[in-house]
Chemist: 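Sharing a structure, written as structure tokens. Questions coming.
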Amino acid sequence: MDSEAYVESVLRLVEQIPPGRVMSYGEIAACIGTGGPRQVGAVMAEYGGGVPWWRVVRADGSLPPSHDARARERYRLEGTPMRGDRVEMRRAAWVPDGAVGGL
DNA sequence: GGAATGACGATAA
DNA sequence: ATTATCGCCATTC
């Protein structure tokens, strides 16, 4: 399957996400350039077990209801900036080095 | 080829 | 704030 390469791209990007930061499915998909948010989610559902999936959130900073509770534990431990039940995308939104002037 | 589905996203009401 | 609907992209039946 060629999707293997796509999977590598997604996992690699997710692994790059530093603690206390998060990336939305749409951002990841856009960063890779191919597919869409659903493909990222599909990959995560299949191979996400080997990467910090809790650092991958929805566009509005919330997590899928299925993993919301699980992610809260990680956020609490890693110190992810949160506002109520959602992650503070304004502070936590992260993009790979070199693609942003946030350094 | 067409319909249905999914760890999504955005917009409308 | 919340629910509902449409659109997107690839996979699966």
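Just so it is clear, the model here is predicted, and its values are computed rather than measured. Per chain, numbering begins at 1; letters A, B, ... match sequence-line order.
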Chemist: Between A:E46 (CD) and B:dA7 (P), how many Å, whole number?
Modeler: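 Computing the A:E46:CD to B:dA7:P distance gives 11 Å.
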Chemist: Any donor-acceptor pair under 3.5 Å between the side chain of A:R38 and the base of B:dC8?
Modeler: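 Result: at least one qualifying N/O pair found.
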Chemist: So, the side chain of A:R55 versus the backbone of A:I17: is there a donor-acceptor pair under 3.5 Å, distance only?
Modeler: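 Looks like yes, one N/O pair under 3.5 Å.
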Chemist: I need the OH-C1' distance between A:Y6 and C:dT11, as an integer number of Å.
Modeler: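 Spelled out: OH on A:Y6 to C1' on C:dT11 is 12 Å.
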Chemist: Could you state the CG-C1' distance from A:L63 to B:dG9, rounded to the nearest angstrom?
Modeler: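 Distance, rounded to whole Å: 15 Å.
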Chemist: Under 4.0 Å, counting only non-hydrogen atoms across every strand here, what does A:A59 touch: a base, just sugar-phosphate, or nothing?
Modeler: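 If one applies the 4.0 Å heavy-atom cut-off, A:A59 turns out to touch the sugar-phosphate alone, with no base involved.
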Chemist: For a quick check, tell me whether the side chain of A:Q39 and the base of B:dG6 share a donor-acceptor pair closer than 3.5 Å.
Modeler: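 Side chain to base: pair present.
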Chemist: Choosing from C:dA1, B:dG9, B:dC8, which nucleotide comes nearest the side chain of A:S24?
Modeler: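 Selected nucleotide (nearest to the side chain): B:dG9.
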Chemist: Okay, side chain of A:S9, backbone of A:A5: is any donor-acceptor separation there less than 3.5 Å?
Modeler: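 Side chain of A:S9 to backbone of A:A5, a donor-acceptor pair under 3.5 Å: yes, one is there.
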Chemist: Would you mind reading off the distance between A:D85 atom CG and C:dA1 atom C1', rounded to a whole angstrom?
Modeler: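 So the two atoms are 13 Å apart, to the nearest Å.
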Chemist: Roughly how many Å is it from CZ in A:R83 to C1' in C:dA1, rounded to a whole number?
Modeler: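 One finds 12 Å between C1' of C:dA1 and CZ of A:R83, rounded.
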Chemist: OH of A:Y25 versus P of B:dC8: gap in Å, rounded?
Modeler: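 It is 6 Å, rounded to the nearest whole Å.
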Chemist: Whole-Å distance between C:dA10 P and A:I32 CD1?
Modeler: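 Spelled out: CD1 on A:I32 to P on C:dA10 is 12 Å.
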Chemist: Look at the side chain of A:Y75 and the backbone N and O of A:W54, then say whether any donor-acceptor pair between them is shorter than 3.5 Å.
Modeler: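 Looks like yes, one N/O pair under 3.5 Å.
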Chemist: Show your reasoning for whether side-chain contact (heavy atoms from CB on, under 4.5 Å) applies to A:V87 and A:S62.
Modeler: CA-CA 6 Å; A:V87 179; A:S62 58; over 6 Å; no
Chemist: Let me know the distance between CZ of A:R86 and P of B:dC8, rounded to the nearest Å.
Modeler: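 From A:R86 CZ to B:dC8 P: 14 Å.
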